[in-house]
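Below: one structure, written as structure tokens.
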Amino acid sequence: MNENRVIVAMSGGVDSSVAAALLVQQGYEIIGVTMKTWGFMEVGGAPKHESGCCSLDAVFDAKSVASKLNSPHYTFDFTESFENEVINNFVDEYLHGRTPNPCVICNRKIKWDELIKKADSLEAKYIATGHYANVVYDEKINRYKLKTGKDTKKDQSYALWGLTQNSLSRTIFPLANYTKEEVRQLATDFELKTAKKPDSQEICFVADNNYERFLREKSPDLIEKITGGDLIYKGKKVGSHKGIPFYTIGQRKGLGMAFGKPAYVTNIDYEGNKIFVGDKEELLKYELEADDINYVSTNSFFIGEKVFAKIRYMDIPAGAEITAVDNNRLSLKFENPKLSITPGQSLVIYDKDGFVLAGGIISKSK
RNA sequence: UGCCGGGUCGUCUAAUGGCAGGACAACGCCCUUUGGAGGCGUCUGCAGAGGUUCGAAUCCUCUCCCGGCAG
């Protein structure tokens, strides 16, 4: 195992390009890797060639950057495991009326698990990505801790809660102490061709950002079965919904109905095939339950422990208290009510210093 | 066809003789490596025809619809 060798996940964007350049500057021997995660031609929806990660142009850009850094670059095909782990989960969750976080699954199962296997075969000790996050080893508790990056505005620690201790022990986040602005400047300084590429944003395998279309194409039969149930407003049926998967808690757009004031999806009843709509106030909840808990910067919680929690990607950590802990499941209660606590979304628990204590999947709100 | 109401953006609703306005919806842009939220912006209407008036959504006639009551 070569301690100086790093596998860098290069998406072809600015961030991972700069991450690679910084590692080279620091004296590491890097091997650039672009992960092919889905068939470019099969996803439909007119992929945007200039931006989306994993597009053909992206592979080309990643190669150019690696070449500029005098480093080797490989493209590995992870299409099969991506389909099995990420896309199947994505479709299945929506079909059950939940709202998945594909990036979370992808990071854990594909970006890390699969990439570490590659690192093993290439005899590299480390893997690196362009995420805005930080990892530090704490010898007192013998754990690798995951922490918010310097750029709190761009921080991506939320999507990384699923990483295991083993994964973290082999991870380098070269952008941990940089802001997006600084990264763009570095890209220019390093003369990387990706310096001015726009940030990517949509789910990589739903290039047109239309997940409804994606689900319909992916699973037409199943969707057929759960379509056309009741749309209920204040206890009364006001229409038919277009299918359980096409709604999520807190959704306002697309209801196609006017009630004189904004109306939101307040509940999804998968068993009864019903969508409930109501006022914004009905979305405010104090408590939630989450399972599939992964402990990161700590190995336990105690009842009554004060923490900070995020219930969605772009959320501000809010004060909360742990109310129940049971194996890989826990409950917590917020000091102030949260809007739209959504089953399927990730709960990420932080401490006051920005360390990711643990994460999990929200199963219900109370 | 003998009796009363009532027809205004897609929906709900203001303007009672003086520039048809709002809310919601829809659409667009911004934000965002998840979905949703949020911000900014845009569009669309006086049921039809005539009349009175300097001027009509508003007053008058007829026509067409929609509710009731009378059966």
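Computed over heavy atoms, backbone and side chain alike; hydrogens, waters and symmetry mates excluded. Below, read A as the first sequence line, B as the second, and so on, with proteins coming before strands; counting in each chain starts at 1.
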Sort out the partner of [N] for me: Watson-Crick or G-U wobble, both distances under 3.5 Å, none otherwise.
N: B/A49; answer: B/U61
N: B/C54; answer: B/G18
N: B/C40; answer: B/G28
N: B/G67; answer: B/C4
N: B/U34; answer: none

Find the distance [X]:[atom1] to [N]:[atom2] and express it as a whole number of Å.
X: A/Q251; N: B/G36; atom1: CD; atom2: C1'; result: 7 Å
X: A/R98; N: B/G36; atom1: CZ; atom2: P; result: 18 Å
X: A/K253; N: B/G36; atom1: NZ; atom2: P; result: 11 Å
X: A/M314; N: B/C31; atom1: CE; atom2: C1'; result: 9 Å
X: A/L255; N: B/C12; atom1: CG; atom2: P; result: 18 Å
X: A/F259; N: B/U11; atom1: CZ; atom2: C1'; result: 10 Å
X: A/R252; N: B/G35; atom1: CZ; atom2: P; result: 18 Å
X: A/F173; N: B/U33; atom1: CZ; atom2: P; result: 16 Å

Between [options], which one does the side chain of [X] approach most closely?
X: A/T248; options: B/G35, B/U34, B/A25; result: B/G35
X: A/Y313; options: B/G35, B/A25, B/U34; result: B/U34
X: A/L339; options: B/A25, B/U34, B/A37; result: B/A37
X: A/A258; options: B/A37, B/U34, B/C24; result: B/C24

Atom [atom1], compared across [N] and [M]: separation rounded to whole Å:
N: B/C3; M: B/U63; atom1: P; answer: 13 Å
N: B/G67; M: B/C59; atom1: P; answer: 24 Å
N: B/A57; M: B/U16; atom1: P; answer: 13 Å
N: B/C43; M: B/A25; atom1: C1'; answer: 12 Å
N: B/C64; M: B/C27; atom1: P; answer: 38 Å
N: B/A56; M: B/G48; atom1: P; answer: 15 Å
N: B/C66; M: B/C12; atom1: P; answer: 16 Å
N: B/G17; M: B/U58; atom1: C1'; answer: 7 Å

### Task
Between A/P102 and A/G254, just flag the one whose closest nucleotide in RNA chain B comes earlier from the 5' side.
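Result of the comparison: A/G254.
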### Query
Between A/K280 and A/Q156, which has a closest nucleotide on RNA chain B that is more 5'?
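The residue whose closest nucleotide sits nearer the 5' end is A/Q156.
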Which part of the nucleic acid, if any, lies within reach of [X] when heavy atoms closer than 4.0 Å are counted: base, sugar-phosphate only, or nothing?
X: A/L283; value: nothing
X: A/Y94; value: sugar-phosphate
X: A/G344; value: nothing
X: A/K338; value: nothing
X: A/Y247; value: nothing
X: A/S340; value: nothing
X: A/S346; value: nothing

### Query
How about A/F334 and A/Y286: are their ring centroids closer than 6.0 Å?
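Ring-ring flag for A/F334/A/Y286: false, centres at least 6.0 Å apart.
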If you take all heavy atoms of [X] and [Y], which pair is closest and at what distance?
X: A/I116; Y: A/R170; result: CG2-NH1, 3.5 Å
X: A/G250; Y: A/S340; result: CA-OG, 3.3 Å
X: A/A318; Y: A/K338; result: CB-NZ, 4.0 Å

### Message
Applying side-chain hydrogen bond (donor to acceptor under 3.5 Å, both in side chains) to A/N101 and A/Y313, what does each step give before you reach the verdict?
### Response
CA-CA 9 Å; A/N101 244 167; A/Y313 183 60; over 6 Å; no
### Task
Report yes or no: do A/S67 and A/S64 form a side-chain donor-acceptor pair below 3.5 Å?
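The criterion, which ignores hydrogens and geometry beyond distance, is not satisfied for A/S64 and A/S67.
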### Query
Would you say the side-chain atoms of A/N273 and A/H241 include a donor-acceptor pair closer than 3.5 Å?
yes
### Query
Has the side chain of A/R312 got a donor or acceptor atom sitting under 3.5 Å from an opposite partner on the base of B/G35?
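Yes.
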### Task
Answer yes or no: does a side-chain N or O of A/K154 lie under 4.0 Å from OP1 or OP2 of B/U33?
yes
#### Entry: A/Y264 side-chain N/O to B/G38 phosphate OP1/OP2 under 4.0 Å
yes
### Message
For A/K364, is there an ion pair with A/E287 - N to carboxylate O distance below 4.0 angstrom?
### Response
no
